[in-house]
Student: 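There's a structure below that I have some questions on.
In what follows, residues are counted from 1 in the order of the sequence shown.
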Amino acid sequence: MRLRIAAVQVNPRLGKIEENIKKFTKIIENGLTDKSINKSLRTPDILILPELALTGYNFASKKDIEPYLEVQGKGTTYNWAKEISSKYNCHTLIGYPEKKYFTETPTPPQDTNDFKIYNSAVLVNPQGEIVHNYRKTFLYETDETWGCSESPTGFETFDFKIKGQKIKTTIGICMDLNPYNFKAPFDAFEFGNHVVKTDARLVLVPTAWMNTDFKDTWTQEQIKEWNDLYDKDEPIEYNIDANNKNEILYQKNEKENFMYKTNPIKHFKKEQADLSTGRYWLTRLNPLFTNNKPTSRLIAICNRTGMDKNLMYAGSSTIFKTNSGISSYDESSGGLIADFSLFGTMGQATEGLLVRDVELKDQDDEVL
């Protein structure tokens, strides 16, 4: 099966939904209608946006996020995803803050507190139908700050019908890739093991992952400096040429240099990927490489970029595929020898599109 994936890396402004919609729509439109781009790459099969893409993520409380909560299939995020899916004849996956009433009625009262909040991602097909709605299973501390609940069903793998075929698919949201509560054993690899156990072939991850430069000990002055850096207008990155990979796992890690450590803001390069984040993502998906039946799986991670109050995100959205070669993991060193193909990565602080055309094969190297 040949799939065309488009990751939309953006910097949403907290609570500025209309402003975000206008900007994101323009980024997608400019990238997918540019006549200088090969026409085949202007028609994605799957368009992915980050975690809580239209609302922003860093809400201070349940009261702060409540005006932006959406009932599944009825809110602003769903309506916009439906519009985008119809316009580009694609499936759209986007994160949103879900309000789920305890009592299922056709028209629940709007003033009731009888609901739970989930950090969710909805997958919408070209006809505007919801293919799947996934709720985040492992919560980050920020999720808990604004009253989010864990998914009651945990990780899920579902049959995704696309291009006339069904492909087993798993959606994960950000913290899902980490050890549970950062307390579970690192090598439990909960999410990765779920993917292998259910034989998912397509893994889609909308996220709001922190940049490795981020420090929760930043002073207000440091926070302002980083915010000022992101407030400067920069060209949109349209990474649609397969030769323009921005190879996140192969480049030199400039952040380890003495000069960078001394003055990270001065030496910060927006167009470069966050190498440490890329390596960590790969390590957390360890079971995909080291299980007894290596299998070809396509992974698309769509991360947001920018600053959200005091939080700074890593961008570096990445599309890669595990192959069928033998891989190994050294528990003593944490080193991973992996057989995979990297198709492309965005810069850590750029907004734009990463589009790749990928052929997915089965474990016997037969095209799906």
Student: Mark yes or no: Lys99 above the aromatic ring of Phe115, with NZ or CZ under 6.0 Å from the six-membered ring centre and no more than 45 degrees from the axis.
Tutor: yes
Student: Taking the six-membered ring of Phe343 (Phe, Tyr or Trp), confirm whether the NZ or CZ of Arg356 is under 6.0 Å from its centre and within 45° of its axis.
Tutor: no
Student: Could you tell me whether Glu51 and Arg304 make a salt bridge, using a distance below 4.0 angstrom between a side-chain N and a carboxylate O?
Tutor: no
Student: Which value, rounded to the nearest 0.5 Å, describes the distance between Gln127 atom CD and Asn89 atom CG?
Tutor: 7.5 Å
Student: Honestly, is Lys183 close enough over Phe138, meaning NZ or CZ under 6.0 Å from the six-membered ring centre and within 45° of the axis?
Tutor: no
Student: Got Leu54 and Phe24 here, is their nearest side-chain heavy-atom distance under 4.5 Å?
Tutor: yes
Student: Would Arg297 pass as a cation-pi partner of Phe289, given that its NZ or CZ must be under 6.0 Å from the six-membered ring centre and within 45 degrees of the axis?
Tutor: no
Student: Any salt bridge linking Glu351 with Lys23? Criterion: basic side-chain nitrogen under 4.0 Å from a carboxylate oxygen.
Tutor: yes
Student: Do Thr212 and Thr277 meet the criterion of a side-chain donor-acceptor pair at a distance under 3.5 Å?
Tutor: no
Student: Can you tell whether the side chains of Asp357 and Arg2 come within less than 4.0 Å, N to carboxylate O?
Tutor: yes
Student: Once the angle between the rings of Phe59 and Tyr68 is folded into 0 to 90°, is it parallel (under 30°), tilted (30 to 60°) or perpendicular (over 60°)?
Tutor: tilted
Student: Can you label the angle between the Phe186 ring and the Phe189 ring as parallel, tilted or perpendicular, going by 30° and 60°?
Tutor: perpendicular
Student: Does Glu129 come within less than 4.0 Å of Lys82, counting only side-chain N to carboxylate O?
Tutor: no
